[in-house]
Visitor: 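Below you'll find the structure I mean.
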Amino acid sequence: MRAERGFAPPGAPATLSGVSVKELRLDVSATPYGVQIGLTTLRDGLRGIGIDDSELPSVELVLAEIFNNIVEHALAETEDGVIEVGLQCTPNGLWITVEDDGNPMPDGKPPLGLLPAVDVPVCDLPEGGFGWFLIRELAHDLTYTREGDKNLLVFRMAVGRGE
Amino acid sequence: MRAERGFAPPGAPATLSGVSVKELRLDVSATPYGVQIGLTTLRDGLRGIGIDDSELPSVELVLAEIFNNIVEHALAETEDGVIEVGLQCTPNGLWITVEDDGNPMPDGKPPLGLLPAVDVPVCDLPEGGFGWFLIRELAHDLTYTREGDKNLLVFRMAVGRGE
Amino acid sequence: MKLSHRDFADVRVISVTENRIDAACAIQFKDEMRHLTDTGPGRVVLDLGSVDFLDSSGLGAVVSALKAVRNGQRLELASLNPSVERVFHLTRMDSIFRIYDTAETAIEGKSDAR
Amino acid sequence: MKLSHRDFADVRVISVTENRIDAACAIQFKDEMRHLTDTGPGRVVLDLGSVDFLDSSGLGAVVSALKAVRNGQRLELASLNPSVERVFHLTRMDSIFRIYDTAETAIEGKSDAR
Ligand SMILES: Nc1ncnc2c1ncn2[C@@H]1O[C@H](COP(=O)(O)OP(=O)(O)O)[C@@H](O)[C@H]1O
Ligand SMILES: Nc1ncnc2c1ncn2[C@@H]1O[C@H](COP(=O)(O)OP(=O)(O)O)[C@@H](O)[C@H]1O
């Protein structure tokens, strides 16, 4: 994990005074195995900033889908791509930022993430196309911005508000 | 059925003297329904020239595969195409000629007709590609020639040698 | 192309009421089969007893019907006439389908007999 | 990606011995599943009890394993952890697979129970 640096995700609420800022930053190597290692590392980090064990799976799933898409699509042609992740626990949930310097989203927007039809013959069942559906199901307040040659995703997970 | 005309399929043996020539000619309209009607009509005609009921299915199958391919491939762009069929019973079997004025065979040769693999998952099973396999399994001495802008197929079915 | 069907305890028997499945009716056969398997139980038997001619388009349509079943659903065949059986045999498709001599033995047959 | 398997009278139980099926191992999982269903009996149960993380690549790999079965063969699932079950539920894939609470109930379950 990198040294912490100033952190204020666009769209995230200003940190309330008196509330301890719990944040985490991580560089993830943009390969399938890098993603695997990154997600495993984040499990411990998330526990450390107050995310309950029962809340970890949905955070891990959303991050996995976002990371996988960046590896497969945004940074597909890049050898040593890096994904920068920031996570901050706030009273209204866990705010997450994900940055990469790969290709922009198609049409400059993240996919709609419609659920592929599953009441079809076995041979026609979809083997993919669930990624952005899952992201949109589980993430809140998601914004995407293209800043220069970087992609920036900011969103909130409704976790970490326990006690 | 058209009026009979001189009939000597290239490659067919000269008709032996003393053996009654039993032949049949038919124009088949090059559409799926035309093929259906043509094949049904041929059933009676084939019985008439001495083909046994038990031998009809293989002849009908080979003709169906050849006709279907002509409709789908050789004459696909033609509105009112016609397939000319000649059948002649000889001591060494039923000689058949099939003529159309559609596109030539790919590479100037009829397909090899290899059996598609069937020991595969259900979803990968072939739904087509059996036509020329069946033709080559059941027909003998098959030759294809492109004559001007016509395709000519000549082959022998090992039927009609009964009694 | 007309298909009729009879439903038993845990099996639907679909009968082809015409005597050929060929290039002229393959697409219609596929569509009707799709509807009858969609709405059918876990086991469906296609009775081909009336069919005395099946070409490779017809064979492809039967394979296509197999590929359109739901998870756990099975499509089996019954009453193949010799000329139809021959096409299944030549193309090895007889190794893909469970084939019963008659619809009756199919109905009696245990669904997990394969 | 390590898969182990145990064969019973008429069912093969395949167990994933790692704790995740994700983008890094999805292809390997597919290949090994394909081999184990190819050589397996008519009924195969995939025991996911050790898996505590499955992403959409992993889900796609399980669907792909389903699409690779032979005619009449069925692939069923057992022992989904809550996080894995959630992915199946959100994507409606729980309507496609027969899912047993444990591998044991799957083994006892009648093969034509669906
Ligand atoms: N980060 C990204 N950068 C560029 N394109 C993307 C990104 N994420 C998704 N896409 C595009 O959106 C499509 C849908 O993504 P998703 O729902 O995850 O399904 P899948 O990746 O399985 O196709 C992808 O196929 C890709 O074309
Ligand atoms: N009479 C023909 N004229 C032109 N091309 C043909 C003809 N017959 C067959 N072909 C070509 O050979 C291929 C294989 O034919 P076939 O074995 O009958 O399988 P299918 O027609 O189901 O694809 C066809 O897809 C087509 O490209």
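Chain naming here is simple, since letters A, B, ... match the order of the sequence lines and numbering starts at 1 in each. FYI, side chains are in, hydrogens and waters are out, and symmetry mates aren't considered; it's all heavy atoms of this structure.
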Visitor: When rounded to the nearest 0.5 angstrom, what distance separates OG in S83(C) from CG in L61(B)?
Guide: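 S83(C) OG to L61(B) CG: 8.5 Å, rounded to 0.5 Å.
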Visitor: Evaluate whether atom NE2 of H140(B) has more than 12 neighbouring non-hydrogen atoms of other residues, nucleotides or ligands under 6.0 angstrom away.
Guide: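 Yes, enclosed.
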Visitor: Checking E60(B) against chain C: side chain, backbone, both or neither under 4.5 Å from a heavy atom?
Guide: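 Backbone plus side chain of E60(B), per the 4.5 Å heavy-atom cut-off to chain C.
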Visitor: Assess the residue pair L39(B) and R20(C) against the criterion (side-chain contact (heavy atoms from CB on, under 4.5 Å)); give the C-alpha distance rounded to whole Å, side-chain angles, the decisive distance to 0.1 Å, and a yes or no.
Guide: CA-CA 11 Å; L39(B) 291 171; R20(C) 40 197 307 135; 3.6 Å; yes
Visitor: Got a second to check how far L134(B)'s CG is from D55(C)'s CG, nearest 0.5 Å?
Guide: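 Those atoms lie 9.0 Å apart.
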Visitor: Could you state the interatomic distance from CE (M93(C)) to CG (L125(B)), rounded to the nearest 0.5 Å?
Guide: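 It is 5.0 Å, given to the nearest 0.5 Å.
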Visitor: Of the backbone (N, CA, C, O) and the side chain (C-beta and beyond), which part of L54(C) lies under 4.5 Å from a heavy atom of chain B, both, or neither?
Guide: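 The backbone, not the side chain.
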Visitor: To the nearest 0.5 angstrom, please state how far the CZ atom of F130(B) sits from the CG atom of L90(C).
Guide: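 CG of L90(C) is found 11.0 Å from CZ of F130(B).
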Visitor: Which value, rounded to the nearest 0.5 Å, describes the distance between N69(B) atom CG and S56(C) atom OG?
Guide: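 So the gap between those two atoms works out to 7.0 Å.
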Visitor: With rounding to the nearest 0.5 angstrom, report the SG to OH distance, C25(C) to Y33(B).
Guide: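 If I round to the nearest 0.5 Å, the distance is 7.0 Å.
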Visitor: Would you say the side chain of T91(C) lies within less than 4.5 Å of the side chain of V118(B), judging by non-hydrogen atoms?
Guide: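 Of all side-chain heavy-atom pairs linking T91(C) with V118(B), none is under 4.5 Å.
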Visitor: Below 4.5 Å, heavy-atom pairs only: which of V122(B), D124(B), T40(B) has the largest tally toward chain C?
Guide: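 Going by pairs under 4.5 Å, I would pick V122(B).
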Visitor: If I measure from the heavy atoms of chain C, does P126(B) come under 4.5 Å with its side chain, its backbone, both, or neither?
Guide: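 When you check distances to chain C, atoms from both the backbone and side chain of P126(B) fall under 4.5 Å.
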Visitor: Take atom NE2 in H73(B); do more than 12 heavy atoms of anything else shown fall under 6.0 Å from it?
Guide: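 Yes, the 6.0 Å shell around NE2 holds more than 12 heavy atoms from other groups.
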Visitor: Give a yes or no on whether R92(C) atom CZ has more than 12 heavy-atom contacts from other residues, nucleotides or ligands under 6.0 Å away.
Guide: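 Counting other residues, nucleotides and ligands, CZ of R92(C) stays at 12 neighbours or fewer.
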Visitor: Taking all non-hydrogen atoms of both residues, which atom of C123(B) and which atom of K67(C) are closest, and how far apart?
Guide: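 What the structure gives for the nearest pair is O-CE, 3.2 Å.
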Visitor: Hey, which of E72(B), E137(B), Q36(B) has the most heavy atom pairs under 4.5 Å with chain C?
Guide: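 The answer is Q36(B).
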Visitor: Does atom NZ of K2(C) have more than 12 heavy-atom neighbours, drawn from other residues, nucleotides or ligands, at distances under 6.0 Å?
Guide: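 No, the 6.0 Å shell around NZ holds no more than 12 heavy atoms from other groups.
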